[in-house]
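Since the structure comes first, as structure tokens, the remarks are kept for the end.
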Amino acid sequence: MNLADLRIGLGFDRHRLVEGRPLRLGGVDVPHSKGLLGHSDGDALLHAAIDAVLGAAGDDDIGSLFPDRDSAWRGADSRDLARAAAERVRQRGFRVLSMDAVILAEEPRIAPHRAAMRSVLAELFGLAPDRVNVKGKSGEGVGPEGRGEILEATVVALLAREPE
Ligand code: MG
């Protein structure tokens with residue numbers, strides 16, 4: 001493989017944590033007293049992963065492709081958005097080689113759900129689970145993350161352009 005065919009992408013997202021919403025993160029239903037507020041299911045990890053792969057492929061971003069003004073995406077399952085983004089990236093001739101994620105949230109603890117999130121991300125973006133990682137960081141009790149008001153996710157993805 002030519003090293004010039006490698007592309008790195010970075011995605012970031014944050015959503016408010018509010019009561020009365022189920023928590024869906026990385027496509028996994030996580031038992032918690034609060035969930036992510038959003039036009040879709042608010043899955044910040046999948047949204048950051050989508051932007052990472054789209055960014056690496058030189059494509060548009062999630063807000064342009066799936067606008068929150070569009071009622072088609074109201075309550076959307078972000079796994080469907082991820083599948084659509086993965087297909088766009090494939091159409092542009094790219095394959096996802098690896099993905100690494102950090103979730104910043106005071107609560108809930110991410111560790112018990114890491115394996116499930118890795119396998120969902122792997123399935124959605126078409127790579128082996130050992131090429132995907134997910135790590136949780138606490139907010140150290142400081143700022144909106146530390147007060148449990150928001151959850152943030154950052155994802156980097158490495159893509160390769162397939163030979164024609
Ligand atoms: Mg989002």
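Both counts, for ligands and for their atoms, begin at 1 and track the order of listing.
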Name whichever N, O or S atom of H47 ends up nearest to the Mg ion (ligand 1). ND1
Starting from the Mg ion (ligand 1), look over the N/O/S atoms of H15 and name the nearest one. NE2
Is D41 salt-bridged to R79, going by a charged N under 4.0 Å from an acidic O? no
Atom pair OG/CG of S40 and L46 - distance to nearest 0.5 Å: 9.0 Å
D43 (side chain) donor-acceptor with G27 (main chain) under 3.5 angstrom: yes
Main-chain N/O of A57 paired with R92 side-chain donor or acceptor, under 3.5 Å: yes
What is the name of the N/O/S atom of D13 that is nearest to the Mg ion (ligand 1)? OD2
